[in-house]
Amino acid sequence: MNALRSLPGWFPELTALTDVWLNDNRLTALPEDIGRLTSLRWLMLSENELTELPRSLGSLRDLVRLSLDGNPLSSPPPEVVAAGARAVVSFLAETQEDPVRQWSSKIVVVGEGRVGKTSLLRALRGEDHNPNEDSTHGLTVGSLDMPHPHPPAGESVDMRLSTWDFGGQEIYHATHQFFLTDRSLFLLLWDAQIGWEGSKLHYWLDMIKARAPHAPVVLVATHLGPRPPDLPLEELRETYPGLIVESLSADSASGEGVEEVREVIRQQVASLPLMGATWPRTWLRAADAVRAAGEKHVTPEVLGNLLSEAGVREPSHQASLTAALHSLGDLLYYPDDEELCDLVVLRPQWLTGYISRVLDSEDVLNEGGLFRHSFGNTLWQDVERSMRRHLIRMMENFDLSYRTEDQKASLVVELLPWNPPSYQEDWNSLERLEQRELRLKYRLHTVPPGIPTWFIAREHRFSTPVRWRSGALLKHPDGVHAALITVDRHAKTAELRVRGSYPHDFFAVLKDGFEQTLQRYPGLDITRLVPCPHRDEDGTACRHEFRHEQLRARLDRRPPLETIECPEHLEEVEVAYLLQGIERPAADQMADQVLERLDRLEIAGQRRHDEVRGGIEQARAEVSAMVAEQQRGFLDVLRREQSRMEAVCPSVLWVRRVSRREAGHRLRPGDVFQLHLCCEAPGEWHLLDDVEPYELPANSEFTNTVLPYVHHTLKVLKYVVPVFGAALGTASEDLSKMMKDDLELMKALLDGLPDETRRQLSDRESRSTVIANDHAEYREMFALLKQLDPEERWGGLNKVTTPEGPTYWLCGEHARFYRQGVLGVGTGRETVALPAQASGTPALPASDGQNASGG
């Protein structure tokens with residue numbers, strides 16, 4: 001961090017620049033002519049103070065990576081930024097040609113059921129009051145136009161407001177959260193006859209704070225009586241600082257107070273961040289055409305024609321605008337989902353209406369939340385059968401359900417029973433109690449909808465029959481590791497516990513998944529607590545819990561504070577021990593115990609006696625978990641600053657010489673090397689079957705680009721062979737020998753590098769994080785691979801963003817592991833077959849029905 005507030009005037013003259021790193025500065029603006037840097041491919045601007053990007057950035061057509069996190073941007077709007085670098089460039093390119101200001105925003109109306117939300121909206125539109133108004137089921141989207149109170153000089157501006165009226169019944173709240181966004185005005189209604197407490201104002205304010213912490217909220221009392229509405233407004237404002245901007249009352253039947261509410265809305269929406277933001281005229285026209293379309297859903301081709309008729313004709317611009325409208329909630333489209341890529345939902349309220357039928361179904365409730373797909377014949381009888389499959393997949397995308405193994409039913413997690421089934425005998429069995437355990441507790445300011453049910457659906461591939469509304473027992477496919485997630489709504493806490501011979505990797509996966517779920521609530525107050533591991537002589541556990549952030553702060557001190565006293569039993573505890581497994585280890589710090597266990601495992605595998613085979617199963621699971629942890633950590637460091645849109649190509653590379661020569665020789669003129677891409681499934685990296693490798697001569701590009709990259713991956717690749725070579729068949733032993741030869745070749749090539757280069761690599765290895773030079777090496781490797789594979793086929797690898805967030809490039813079999821409904825762990829005895837390996841070698845069998853899936 002250089003604390004730069006601006007860039008020098010000569011900066012845009014550096015037209016040969018390809019990579020620019022300006023993260024963690026204080027930049028408030030970029031040079032207007034930065035678009036002259038047409039060679040730029042990476043532009044890193046995270047954690048600055050930028051409010052607007054210059055339109056000339058639209059000229060950077062080769063830009064593939066743009067990092068803007070932590071900037072208070074209003075232009076481009078956040079929805080465009082979230083769609084990735086190409087969307088930003090497309091937006092700014094079209095804005096350059098024909099900019100126009102857009103005057104639209106969103107009003108979100110929330111509150112308990114029957115509080116009068118729909119009636120107030122009718123009154124605001126000047127429509128007649130309907131005393132028999134039906135209760136809203138799910139979501140209703142309407143419109144409300146108002147003149148701008150302070151238009152630009154000489155202009156008359158009408159603000160076009162979309163109104164989102166949410167059903168108040170609790171069962172719908174989990175579906176609402178996807179549409180409650182910042183940059184909206186919230187109207188929170190409460191019934192003056194029931195009172196502010198009976199209307200659950202604290203609950204709703206907690207929800208808004210968690211989901212849209214920067215949105216203004218107007219409280220409106222309804223159902224007025226002879227006495228004026230009464231509530232502790234100042235106390236609420238102190239509890240929710242900056243959230244409540246006004247408190248009003250209105251009666252929709254008589255019209256009392258409606259005009260005052262309308263005027264407050266007019267003033268507040270005029271001040272919303274994106275009101276009056278600049279858009280390309282064609283984009284705004286196309287967005288309006290989408291919003292005005294009569295169809296509830298269309299094919300992508302029909303949507304493309306609609307956008308083309310409005311002036312957005314470039315396919316890349318259409319994709320960017322569609323992604324922005326998806327983020328805004330104007331449509332729903334999942335182009336990367338093979339089951340949904342042929343459907344664009346133009347009316348989200350149409351979708352939530354059909355989902356609400358399932359949530360309201362007595363049949364589904366009586367089945368303990370099991371939605372048999374045959375129920376759709378009744379609940380969804382007014383849509384064609386193919387659309388019913390889409391509706392099921394949409395519920396899965398919202399983490400509201402997941403399909404059972406037989407694909408004939410879906411478990412609707414919001415309808416799980418409140419009472420847990422019996423699980424203590426399994427969880428607290430003697431075998432489990434003797435295993436290692438990792439625990440982390442979360443204290444929340446509120447338990448919002450979807451916690452932990454979204455998490456249960458998200459981690460369905462580890463599911464067992466033990467699940468309820470506030471918890472679940474999960475099991476890893478290795479049959480050794482198990483986890484328990486529980487939520488105490490009264491205490492407002494959630495706890496994640498994992499047990500097994502080496503629980504660290506499974507814990508890391510589930511922790512990432514739970515953290516990913518919590519991220520849907522950006523305003524949620526979270527305190528992470530690490531339980532003290534001390535036990536008294538009688539086995540009683542210590543009650544003290546250390547704050548995670550304080551433990552981290554102690555280690556971050558220079559010099560670090562390595563111990564901390566427990567105030568309960570008054571003894572010092574090692575901070576590193578408390579954080580072991582909870583904090584992911586550095587990728588280059590493979591513990592000696594892993595090497596020792598790998599050696600023992602390989603020796604045992606070579607003996608191949610039946611009595612040994614049975615005894616090493618738990619050791620294999622433990623070693624596989626250790627290796628998965630290291631491989632997962634390596635990719636985590638590699639992509640620490642990459643988003644799912646910009647994990648541009650695979651990262652795990654295997655090198656072979658075309659004609660085998662004895663290890664130890666330096667590169668010779670005429671040598672040709674093969675570059676093999678690997679499946680990146682953590683714990684199961686492997687070569688691809690029947691895939692032609694890339695070939696590269698032993699030239700300077702190989703020496704300067706490939707070998708430094710190999711240096712970083714080699715220390716992780718070397719743990720692949722022992723895991724798959726131990727306790728397996730003859731074919732796998734042959735494969736193990738061949739892979740070991742490859743590793744020796746890679747080591748020999750590195751040994752042949754110039755002394756200065758090897759010294760630089762050694763210096764870097766001593767660091768615990770990837771530095772800028774390392775990232776440059778990765779980018780050079782990416783550029784070389786794209787040169788070798790212009791069509792970006794990547795050996796048929798699938799780009800999979802896991803439910804926990806990280807993106808991996810996976811073979812077909814491992815990609816299938818993450819798909820909805822393909823695998824339910826059940827009792828923990830099911831297995832995932834390893835994919836076939838390279839050179840026609842048969843798939844590696846998992847001994848005794850087990851395998852080492854990294855999840």
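Fair warning: this is a prediction, and the values are worked out from it, not measured in the lab.
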Can you check whether [Y]'s main-chain N or O pairs, donor with acceptor, with [X]'s side chain at less than 3.5 Å?
{"X": "Asn71", "Y": "Leu45", "result": "yes"}
{"X": "Thr95", "Y": "Pro99", "result": "no"}
{"X": "Trp685", "Y": "Gln631", "result": "no"}
{"X": "Tyr333", "Y": "Cys341", "result": "yes"}

Aromatic rings Trp103 and His148: how do their planes relate, parallel, tilted or perpendicular, breaks at 30° and 60°?
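Trp103 and His148: perpendicular rings.
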Should the pair Phe673 and Phe702 be assigned to parallel (<30°), tilted (30 to 60°) or perpendicular (>60°) ring geometry?
parallel
Report the distance from atom CG of Asn23 to atom CG of Asn48, rounding to the nearest 0.5 Å.
7.5 Å
Separation of Glu804 CD from Thr517 OG1 (nearest 0.5 Å)
9.0 Å
Do Thr282 and Glu94 have a side chain donor and acceptor closer than 3.5 Å?
yes
When you look at Ser75 and Glu52, which way does the side chain to side chain contact (heavy atoms under 4.5 Å, CB included) test go after all the steps?
CA-CA 5 Å; Ser75 180; Glu52 190 170 351; 3.9 Å; yes
Using the side chain to side chain contact (heavy atoms under 4.5 Å, CB included) rule, take Leu37 and Phe11 through it: C-alpha gap first, then chi angles, then the decisive distance, then the call.
CA-CA 9 Å; Leu37 303 179; Phe11 183 77; 3.7 Å; yes
Is there a salt bridge (Lys or Arg N to Asp or Glu O under 4.0 Å) between Asp288 and Arg285 once you walk through the steps?
CA-CA 5 Å; Asp288 287 340; Arg285 188 162 57 234; over 6 Å; no
Decide yes or no on side chain to side chain contact (heavy atoms under 4.5 Å, CB included) for Glu47 and Asn25, but give the supporting numbers first.
CA-CA 7 Å; Glu47 305 304 329; Asn25 281 286; over 6 Å; no
Any salt bridge linking Glu792 with Lys786? Criterion: basic side-chain nitrogen under 4.0 Å from a carboxylate oxygen.
yes
The criterion is ring pair (Phe, Tyr, Trp, His ring centres under 6.0 Å); which residues satisfy it with Tyr334, sequence neighbours excluded?
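Ring pair (Phe, Tyr, Trp, His ring centres under 6.0 Å) list for Tyr334, sorted by chain: His326.
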Check whether any side-chain heavy atom of Val655 lies under 4.5 Å from a side-chain heavy atom of Leu675, and answer yes or no.
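Heavy-atom side-chain distance check passes, below 4.5 Å.
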